[in-house]
Amino acid sequence: MVIYFQYMAKGRAKSKPSPKASRRVATSGDIEVSTYLEIAKEIDGVQPAAAKEAIPSGEREAVIVIDFGSQYSLLIARRVRESQVYCELVSPDTPWEKIAPLNPKGFILSGGPGSVYETDAPMTPSYVYESRLPVLGICYGMQVITHQMGGQVAPGAKREYGHALLHLGGVDSPLFANVSQSTAVWMSHGDKIEAMPPDFNVLAYTDNSPFAAIGNDKNIFGLQFHPEVVHTPEGKTILKNFIYRICGCQGNWTMGNFITDSLTKIQKEVGKGKVISALSGGVDSAVVSTVIHRAIGDQITCIFVNHGMLRREEVERTFNTFRLNMGMNIVYVDASERFLDRLRGVTDPETKRKIIGEEFINVFEEEAKKIGKVDFLAQGTLYPDVIESASSGSTAAAKIKSHHNVGGLPSRMTLKLLEPLRYLFKDEVRQVGLELGLPEEMVWRQPFPGPGLSIRIIGEVTKEKLEILRAADWVVMSEIKQAKLYRQLWQSFAILTDVRSVGVMGDFRTYGYLVAIRAVTSDDAMTADWSRLPYDVLARISNRIVNEVPEVNRVVYDITSKPPSTIEWE
Ligand code: XMP
């Protein structure tokens, strides 16, 4: 999956971050790999909104979120999908022709930063009301309904932000079925409703908002609060009520259905063609390769380039899972010497990234040529990447390219893209992986950067340093897993610094390396907090590293958050 973050500080950005300086970076080797390939081909990812193929055919149904730009819009889509109904996010200017094939059962209008009275404020497209389908407006979405249907919205004296207590207004509405009479909700709005549109009723209120929930008898509803966030504990029930009781959805979006349907679609699309994919050991490339293999068997060949910067046992585990357990066709290339040769004497982080990206393409292409005629390249593109590419008007490749400086690669391959996961969220991909029988360990792997350990060795990357880091990293990983903290942490790893310090061991003085430990919690890597690991876990890690890795005599724990630091050290 690809994430976005404020591009801050350190060697990566020397200038001060501007508000527009948000960049995206891959969080796993998967996207890195597929992005290198995309860049090499100089192709843009296919834009979204041709998604009818994502929904299980037969009883097609979907809820459509009109995205007015709230930071929570994607979260609304996830909540709907968690309720087993397919959901897509579309911009307010999306034409009806693109939506109709999804067979929408209802619309949700998201929140947004704007005010309905601003010039160019985005409005609900008229087909939403003309369709006579149920509509749920959230925050800005509610204000737009009010504004468009004859009510009045006014700037609030002050922004209402935070918890509020919602009281049901005594009107029996299916939207609030099984919701407590008084329940906590999360508010975040500036403007507020002064007068409801004609024929609307108050369904619920708070101390500050007399119109916290409104509705009419045409199944048009507005909520001033955010039901999609965890701070609204009964929000899921409200959304489910909308989806099932009001829109009348059946709930056919399950990963089992998705797989069954994908198999037929992949078979149809590929026919007798040949597919290649790049395996990296990460979740997305693993799932994409497995689902395609399930569909077309040996017509897919996976190329697994070992660039020599992987963690201990990663190569063996990946290889065994796919070749031995899944019986897949794998071309394994140990190119570590080649990468190390090119990295000799290189200390600049961005140059390391660039070299690894370029060399990866070279190796991949050489191997692909040996396979003979190939028609498709499988990629683990996910829904958030698709959405972001569409809304920003630039591709993931362009963005990562700018981040990783992997530019100027000639257009050499002429493959079609096969992206069976492009409508899935990461958690859905994990479920698909589990249903396809991939090991939990692989499905729940923490993100690992494409350039691997090279950006966790400060300074020049050498074979010796890679071995030291692998040994230290192995200790961190096993102790974190032992303490059952692995899944709670976004990432946890060791860094081999170029600092050496004096120590004492027995009767001898030592002069060894300083290893740093980094463990962070995060939702999306845009921001991260250092994890308050228990002292005894830290003590065990430190103790084991200095005992088991002779070259290291000092261990420190990184207690900075992002921003101002980044997660990786380089
Ligand atoms: P930073 O260090 O920028 O990292 O806070 C944010 C997330 O991105 C990952 N990362 C990378 N992933 N190639 C990748 O595929 C890279 O060059 C790269 N640099 C950072 C990092 O592990 C974290 O999850």
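Scope of the values below: all heavy atoms of this structure, side chains included, with no hydrogens, waters or symmetry mates. Counting convention: from 1, in listed order, for ligands and their atoms alike. Numbers here are sequence positions counted from 1.
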note = atom 19 (N) of ligand 1: of Arg353, Glu568, Gln446, Lys562, the nearest heavy atom sits on Arg353
query = Any nitrogen or oxygen of Ile567, main chain or side chain, under 3.5 Å from a nitrogen or oxygen of ligand 1?
reply = yes
request  = Report yes if Gly450 has an N/O atom closer than 3.5 Å to an N/O atom of ligand 1; otherwise report no.
outcome  = yes
task = Check for a donor-acceptor pair, side chain of Ser565 on one end and backbone N or O of Thr560 on the other, with a separation under 3.5 Å.
result = no
task = Output yes when a side-chain donor or acceptor of Thr497 lies under 3.5 Å from a complementary backbone atom of Leu514, and no otherwise.
result = yes
inquiry  = I need the atoms of ligand 1 closer than 4.0 Å to a non-hydrogen atom of Pro451, numbered in the order shown.
reply    = 13 (N), 16 (C), 17 (O)
inquiry  = Against Arg518, only a single residue in Asp558, Asp529, Asp473 fulfils salt bridge (Lys or Arg N to Asp or Glu O under 4.0 Å); can you say which?
reply    = Asp558
ask   = Could Glu570 and Arg353 be called an ion pair, given the rule that one side-chain N must be under 4.0 Å from one carboxylate O?
value = no
message = I'd like to check Ile259 versus Glu435 (side-chain heavy atoms, cut-off strictly below 4.5 Å). Are they in contact?
response = yes
request  = For ligand 1, indicate whether the residue Trp490 contacts it via side chain, backbone, both or neither (heavy-atom separation under 4.0 Å).
outcome  = side chain
